[in-house]
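Have a look at the structure below before the remarks.
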Amino acid sequence: MNKRRRVYEGKAKVLYEGPEPGTLIQHFKDDATAFNNKKHALIEGKGVLNNRISEYIFLKLGEIGVPTHFVRRLNMREQLIREVEIIPLEVVVRNVAAGSLATRLGIEEGKQLPRSLIEFYYKNDELGDPMVAEEHITAFAWATPPEIDEMMQLALRINDFLVGLFLGIGIRLIDFKIEFGRQWENEQMRIVLADEISPDCCRLWDAVTSDKLDKDRFRRDMGGVLEAYQEVARRLGVLTENPRPRGSGPVLVSSKPT
Ligand code: UDP
C-alpha cells in the first residue's frame, strides 16, 4: 500500500517522505520494544493511541509557544511533521525517582526528587544509549553549549506544563524522554521539539492508586498495556472519534478515591 519512500524506520515509528520538501510523514507502529530491543511485542492499537496522545500534547505545547516539528495529524496512524536534523541525544526529565535513576543511585522508587533533574543520553543502540555529560556533548560536537542551554530551558518548560496537564487528569508525571531537532528557515536555525510524547516514553502513575499507565507495564510484564494507554487517552479526552467541541479540554478526574 505504501508506495512512499521510507526515509527511516525506528523501533516504534516509520518516517516517510512528505508531500512537500522539508516535510515528513511520521507513522506510529504497534511494535513495543524494551531493554535495547531484547524484548519485542506487537500491541495492537498502540500506534493509534500514541499518534492521538502525541498530537494532543504537541498541539498544547505549540499553544504555549514551544516550537515543535508537528504540522497536523493525517489519519489514525500518521502525522505530517517538519523535517529536522535530529540532535543525537535523549533528554530525560525526572520529577520522581524511578527506573534507571532509582537503580543507579539506590533511591527508592516513588521518592519525590528535591528538584526536577535533566539527564542526557547519547542516542546509539549499539552502545545501549549511554548517559553522557555536557562535556561529552560539546567535545564530540553533538550539540553546542547554547543548544544545550536551549534544550534544557525547553525541557523544563515542557515539564512544568505537562506536570500540570497530567495532574489535572489525576496522573503523576514521574519522568519522560524527549528529543530535539534543528530546523532551518532561510539561514536561521532553531531548536524544536521532535519525535513523540506518549506513554511509550513517559512514566505516568495514577495520582491516587499509583497504578502504572505507561510502558513499564510492558517492560515489567504487568499486562494491561493497551488498557493503560487507553486510559491516558480517555482522560486527555482524545479517545472519541467525533471532533471535540472548541474549547473542550482534558477531563477532570476526581482526586478522591471512589
Ligand atoms: N525512556 C525512553 N526511551 C529510552 C530510555 C528511556 O523513552 O530509550 C524514557 C522512559 O520511558 C522513562 C524515562 O525515559 O520515562 C527515564 O527512563 P530510565 O532512564 O529510567 O530508563 P529505563 O528504566 O526505562 O531503562
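Along the sequence shown, residues are numbered consecutively beginning with 1. Atoms within a ligand are numbered from 1 in the order they appear, just like the ligands themselves.
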> Which of parallel (below 30°), tilted (30 to 60°) and perpendicular (above 60°) describes F140 and W142?
Replying inline: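 Taking W142 first and then F140, their aromatic rings sit tilted (interplane angle of 30° to 60°).
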> Where does the angle between the aromatic ring planes of H69 and F58 fall among parallel (under 30°), tilted (30 to 60°) and perpendicular (over 60°)?
Replying inline: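 Answer is tilted, since the angle falls between 30° and 60°.
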> Is the CZ atom of R72 crowded by more than 12 outside heavy atoms at less than 6.0 Å?
Replying inline: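 Counting neighbours around CZ of R72, 12 or fewer heavy atoms of other residues, nucleotides or ligands fall under 6.0 Å, so no.
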>> Could you check whether atom CZ of R115 has more than 12 heavy atoms from other residues, nucleotides or ligands sitting under 6.0 Å from it?
In response: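 No.
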Any idea which atoms of ligand 1 are less than 4.0 Å away from a heavy-atom of [X]?
X    : value
V92  : 14 (O), 16 (C)
G99  : 20 (O), 23 (O)
S100 : 18 (P), 19 (O), 20 (O), 21 (O), 23 (O)
Y121 : 19 (O)
E90  : 3 (N), 4 (C), 5 (C), 8 (O)

>> Set out, in order, the CA-CA distance, both residues' side-chain angles and the distance that settles side-chain contact (heavy atoms from CB on, under 4.5 Å) for I191 and I87, then state yes or no.
In response: CA-CA 9 Å; I191 302 284; I87 295 173; 3.7 Å; yes
> Given S116, which of D175, D160, N95 fulfils the side-chain hydrogen bond (donor to acceptor under 3.5 Å, both in side chains) condition?
Replying inline: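 That would be N95.
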>> Show, in sequence, the C-alpha distance, side-chain angles and deciding distance for D216 and R219, and conclude whether the salt bridge (charged side-chain N to carboxylate O under 4.0 Å, His left out) test is met.
In response: CA-CA 5 Å; D216 269 350; R219 293 190 191 98; 2.6 Å; yes
>> Protein heavy atoms near atom 4 (C) of ligand 1, is at least one of them under 4.0 angstrom away?
In response: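 Yes, there is one.
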> Is at least one protein non-hydrogen atom found at under 4.0 angstrom from atom 17 (O) of ligand 1?
Replying inline: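 So atom 17 (O) of ligand 1 has protein heavy-atom neighbours under 4.0 Å.
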> If you measure from atom 10 (C) of ligand 1 to every heavy atom of R219, K215, K177, which option wins on shortest distance?
Replying inline: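 Going through R219, K215, K177 one by one, R219 has the nearest heavy atom to atom 10 (C) of ligand 1.
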Part of [X] within contact of ligand 1 (heavy atoms, under 4.0 Å):
X    : answer
A102 : neither
D175 : both
D129 : side chain

> Quick one: is the NZ or CZ of K46 closer than 6.0 Å to the six-membered ring centre of Y229, and within 45° of its axis?
Replying inline: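 The answer is no, since K46 fails at least one limit relative to Y229.
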> Got the closest protein heavy atom to atom 22 (P) of ligand 1, with its distance?
Replying inline: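 Nearest neighbour among protein heavy atoms for atom 22 (P) of ligand 1, to 0.1 Å: R203 NH2, 3.6 Å.
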>> Checking the N or O distance criterion of under 3.5 Å, is ligand 1 in contact with E119?
In response: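 Not met; the criterion fails.
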> Less than 4.5 Å apart, any side-chain heavy atom of V96 and any of R203?
Replying inline: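 No. Closest side-chain heavy atoms not under 4.5 Å.
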